[in-house]
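In each ligand, atom 1 is the first atom listed, and ligand 1 is the first ligand listed. Sequential numbering from 1 along the given sequence is applied to the chain's residues. Treat the numbers as computed from the prediction; the structure is a model and nothing was measured.
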Amino acid sequence: MYTYEELKHFVDHCRRCPLAATRHRAVMGRGNLQAPILFIAEGPGRNEDRDGIPFTGQSGQVFDRLLSGIGLSREDIYITNIIKCHPPGNRDPRPEEQEACMPYLKYETWLLKPKIIVCLGRVAAQRIIRPDFRITREHGNFLLRKGVWLTAVYHPSAILRDEAKLPETEADFRTICDKLSEL
Ligand code: URA
């Protein structure tokens with residue numbers, strides 16, 4: 001059994017896939033290890049690659065606003081990514097990169113033991129919920145798997161590209177907040 005710090009050390013020095021050669025910093029998830037809620041996005045962007053911290057860029061600001069809309073902050077949640085290293089040109093993570101990184105996500109999930117997992121965007125939803133998950137049709141829906149509630153919302157960067165997605169996402173966050181208070 002490893003602690004969070006030990007796991008972070010493995011992630012920081014990971015060479016399990018070719019992204020190790022192009023990243024500046026690996027980005028371990030972070031937040032409150034006692035939190036009942038785990039957010040999973042797809043992979044670090046350019047800012048995160050520089051800082052080594054998830055969601056420090058513009059998408060992070062959108063995420064923080066959505067959280068504060070339901071009275072939460074980063075101290076109340078844990079956030080991580082499917083892959084821990086920035087893919088060049090911000091392309092989607094390849095299946096083999098996702099596969100190589102899965103042990104870290106599984107271990108983070110095991111450490112946290114969340115009651116709710118929220119996938120941020122299509123890539124995370126298709127990896128965690130179902131390979132054919134359709135984010136436009138299915139965001140905000142909940143399903144119970146092995147005692148954990150799973151849901152997905154639009155990725156904050158999708159909201160930056162299309163503001164019309166903001167009200168729906170705020171509504172999804174309110175549903176998440178209701179779910180949290182039920183549990
Ligand atoms: N986008 C992601 O999917 N993850 C981050 O950490 C930052 C931006």
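- In this structure the side chain of Met28 never reaches within 4.5 angstrom of the side chain of Thr80, judged on heavy atoms.
- A centroid separation of less than 6.0 Å is found between the aromatic rings of Phe10 and Tyr2.
- Using a 4.5 Å heavy-atom threshold, the side chains of Pro88 and Leu19 count as touching.
- A search for side-chain hydrogen bond (donor to acceptor under 3.5 Å, both in side chains) contacts involving Thr151 returns nothing, not counting sequence neighbours.
- Residue pairs meeting the ring pair (Phe, Tyr, Trp, His ring centres under 6.0 Å) criterion with at least one member in residues 108-147, sequence neighbours excluded, are Tyr107-Trp110, His139-Tyr154.
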Could you tell me, for ligand 1, which of its N or O atoms are under 3.5 Å from any protein N or O, listing the pairs and their distances rounded to 0.1 Å?
| residue | atom | partner | partner atom | Å |
| --- | --- | --- | --- | --- |
| ligand 1 | 1 (N) | His155 | NE2 | 3.3 |
| ligand 1 | 3 (O) | Glu42 | N | 3.2 |
| ligand 1 | 3 (O) | Gly43 | N | 3.3 |
| ligand 1 | 3 (O) | Gly43 | O | 3.1 |
| ligand 1 | 3 (O) | Asn81 | OD1 | 3.4 |
| ligand 1 | 3 (O) | His155 | NE2 | 2.9 |
| ligand 1 | 4 (N) | Gly43 | O | 3.0 |
| ligand 1 | 4 (N) | Asn81 | OD1 | 2.8 |
| ligand 1 | 6 (O) | Phe55 | N | 3.2 |
| ligand 1 | 6 (O) | Asn81 | ND2 | 3.0 |

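- Under the side-chain hydrogen bond (donor to acceptor under 3.5 Å, both in side chains) criterion, Asp49 pairs with His24, not counting sequence neighbours.
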